[in-house]
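Below is one structure; the comments refer to it alone.
The sequence lines fix the lettering, A, B, ..., with proteins before strands; numbering per chain opens at 1.
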There are 2 protein chains.
Amino acid sequence: MKHKTNNLGEPKKTPAVAVDTLIFSVIDNKLKILLIKILGGAYKNKWAIPGGLVDTNESLEKAASRILSQKAGVDGIYLEQLATFGDPKRDSRGHSVSVAYFALVNDKLFYPKTTEYYADIAWKNVDTLPTMAFDHKKIIEYGKERLMSKLAYSNIAYALLPKEFTLTELQSVYEAVLGKVLDKRNFRKKVQEIKLVKETTRTRQLGANRPAKLFIFTQRHPRIMDIL
Amino acid sequence: MKHKTNNLGEPKKTPAVAVDTLIFSVIDNKLKILLIKILGGAYKNKWAIPGGLVDTNESLEKAASRILSQKAGVDGIYLEQLATFGDPKRDSRGHSVSVAYFALVNDKLFYPKTTEYYADIAWKNVDTLPTMAFDHKKIIEYGKERLMSKLAYSNIAYALLPKEFTLTELQSVYEAVLGKVLDKRNFRKKVQEIKLVKETTRTRQLGANRPAKLFIFTQRHPRIMDIL
DNA sequence: GCAAAAGTGTTTAGACTACACCCATGC
DNA sequence: GCATGGGTGTAGTCTAAACACTTTTGC
C-alpha cells in the first residue's frame, strides 16, 4: 500500500503483476479448460492458462478481459477473481505475482483459434491435464474446487449453459463438474422449487422420443442460493 | 505471467505489489479489527489496515508476516489470503495492487503498541469504523463476510480463543462475529456432536456461581466442518 | 409395438428449531 | 436463601435421500 521509497527516492522494487485466467466449460459432458501452448522461451511448448502482465493504471478485471480478448479471442464472459499466487519460484524467469481469474463459458459461444501469441490453443479435460508450465496445475486444481462449491451454492451454472436448455442438460453440467451422478427426480424438484430455473413454452426434440421442455434461468446474474 | 519486454529489452511496467492484513479479534464480546493511523503523506491521520510493499523474491505470505511483525509487533498468527484489490484509483499516489490477508488472533495474546511506522495503532469495532484510507473500508467489509462464513463451515474459531475456554466464551465469539444470538442448548449440542471441541477435566470459576467446564478444540488446524 | 429419453410422487431418516427448568457456587 | 451463570432433553417441523414406473415421440 504505502509507496515507500529508498533513500534515492526511487520506488521500492516489487514483483511484476500478471493475471491468468481459468476458462472452464462443459463439453461432451466433461469439464474442460481452455489451455494455450507457449510459443518460445524457457517454457516453450508447455501448456498454460492464458495470461499476461497488467499495465499500470489498468484494473485487474480490465487486464484479464483485455488479455483474453487479444490473445485468445474470448470476449464478454463471466469473470471472477480466484486467488493470487506469489511464490518467488513459481516462474523461473523472475518473480511475478499472478492474480488468477476464473471464467465460465458456454462452449457453443466460441471456438478457440490460435493467435500469434501462442503455439496452440485447445480445450483439455480438467482431470487429464498435459504437463503444465509454472504453478498452473495447482491453480487449476484450486479453480476446480471453487467451481464445484460455487455450483452447489450459487446460480453460476447459467454461465455454462445457453439461454434455453433442457433439465437433462442442466443436470449433466452439474454431474460433469461434480464428478458424480445425481438423482433425476430430486434434482428437478429442487431447481424448480428454489426458482433457479423456470420453464418456457418451447420444447426441443432431438431423437425419436418425447420432446423436452426448454427452461431458462430465473436470473442470469450471480446470486447465492443453496442448490445441493 | 509472461515477462514480456518492450523493444529496449526493459521489463514492462506493472503496478506495485503490496500486502494488507485484516487482523480480527473478539474483545468484550465485540468483533474488532486492528487499525493503524498513517503518519504522513497524502493519507496523514487516516486509519488503515497494516500493510506494506512486497519485496521481489519474497512470497506474499512471508511479506505479510514480515510487515506485521516489523510494523505492528504481531507474530505467529493464523493468516489466510482474502482477495486482491487492483483498482488503479484505490491509492491516489500511484497504482498499487493490494493482496489482502486475513488474520485471527486471541486478544489475550498481545496488546498493540505503536511503532515508528505509525501515528497510532488500536482495536476498533468493525461496525463503527473511523474514516478509512484507500479502499480499506471495502476490504474490511469483504473480510468480515469471509469471517462470518468461515466460522459457519470451519473450525477457525480456534484462532480467536485461548487454548482452554468455556462453552459460553465460544458461543459469544460466534455471536459477536455473526451479530446474532444463538440458542445455548442447540449450540452446545452441536459443537460437541461434531467434535469441534472436547471437554477437559479442568474448570474455571469467575463469580459467585457454578464453575464452568473448560474445553479445548479437538484440532487447532484449519479444517472444513459444518457448524451452523 | 418398441426403443429412447422425458417426466413425475411418496416414504423415510436425519437435522434443525424452539423452548424452560434445575444445578453449583459464593456471599 | 438468593443471585449468578452453568448446564441439560424433548417434541415438532423441515429437508434430503432413496426409489420405479408412465408418457410421448419416431420409426
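In this structure B/D127 satisfies the side-chain hydrogen bond (donor to acceptor under 3.5 Å, both in side chains) test with no other residue, sequence neighbours excluded.
Considering only heavy atoms from C-beta on, A/R204 comes within 4.5 Å of A/E169 through its side chain. Residues B/L22 and B/L147 have side chains not in contact (no heavy-atom distance under 4.5 Å, counting atoms from C-beta outward). Here the side chains of B/L60 and B/V17 are in contact, with some heavy-atom distance below 4.5 Å. Within the 4.5 Å cutoff, the side chain of A/I49 has heavy atoms near those of the A/L35 side chain.
OP1 or OP2 of C/dA6 lies within a sub-4.0 Å distance of a side-chain N or O belonging to A/T168. Listed pair A/K213 / C/dT8 meets the phosphate criterion, a side-chain N or O lying under 4.0 Å from OP1 or OP2.
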If you look only at distance, which donor and acceptor atoms sit under 3.5 Å apart when one is on a side chain in residues 209-216 of chain B and the other is two or more places apart or in another chain?
none

Which pairs would a plain distance check flag for residues 186-198 of chain B, meaning a side-chain donor or acceptor within less than 3.5 Å of a matching protein atom at least two apart in sequence or in another chain?
residue : atom : partner : partner atom : Å
B/N186  : OD1  : B/K189  : NZ           : 3.1
B/N186  : ND2  : B/D183  : OD1          : 3.4
B/R188  : NH2  : B/T168  : OG1          : 3.2
B/K190  : NZ   : B/I227  : O            : 3.3
B/Q192  : NE2  : B/R188  : O            : 3.3

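Whole-Å rounding puts the A/F187 CZ to C/dG9 P distance at 18 Å. The NZ-C1' distance, from A/K190 to C/dG9, rounds to 17 Å in whole Å. As rounded to whole Å, 18 Å separates atom P of C/dT10 from atom CZ of A/R188. Atom pair B/I227:CD1 and C/dC16:P shows a separation of 12 Å (rounding to whole Å applied). Between the C1' atom of C/dC16 and the NZ atom of B/K180 lies a distance of 12 Å, rounded to the nearest Å. Taking atom CG of residue A/L214 and atom C1' of nucleotide C/dG7, one finds them 14 Å apart after rounding to whole Å.
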Please write out the pairs of protein N or O atoms and N or O atoms of nucleotides 17-21 of chain C separated by less than 3.5 Å, giving the distance to one decimal.
residue : atom : partner : partner atom : Å
C/dA18  : N7   : B/N186  : ND2          : 3.0
C/dA18  : N6   : B/N186  : OD1          : 3.2
C/dC19  : N1   : B/R185  : NH2          : 3.4
C/dC19  : N3   : B/R185  : NH2          : 3.3
C/dC19  : N4   : B/D183  : OD1          : 3.4
C/dC19  : N4   : B/R185  : NE           : 3.3
C/dA20  : N1   : B/R185  : NH1          : 3.2
C/dA20  : N3   : B/R185  : NH1          : 3.4

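The span of DNA chain D lying next to chain B, judged by atoms under 4.0 Å from heavy atoms, is bounded 5' to 3' by D/dA3 to D/dT10.
A/R90 has a carboxylate O that lies under 4.0 Å from a charged side-chain N of A/D135, or vice versa, which qualifies the two as a salt bridge.
Among the candidates A/L82, A/D20, A/L79, A/I23, the single residue satisfying the side chain to side chain contact (heavy atoms under 4.5 Å, CB included) test with A/Y101 is A/L79.
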query = What one-letter contact string describes nucleotides 22-27 of chain C from 5' to 3', where B marks a base within less than 4.0 Å of any protein heavy atom, S marks contact via sugar-phosphate atoms alone, and - marks no contact?
reply = -BBBS-
request  = Could you give me the CA-CA distance, side-chain angles and deciding distance for A/R146 and A/E80, then say whether salt bridge (charged side-chain N to carboxylate O under 4.0 Å, His left out) is met?
outcome  = CA-CA 11 Å; A/R146 173 79 68 99; A/E80 163 182 323; 3.0 Å; yes
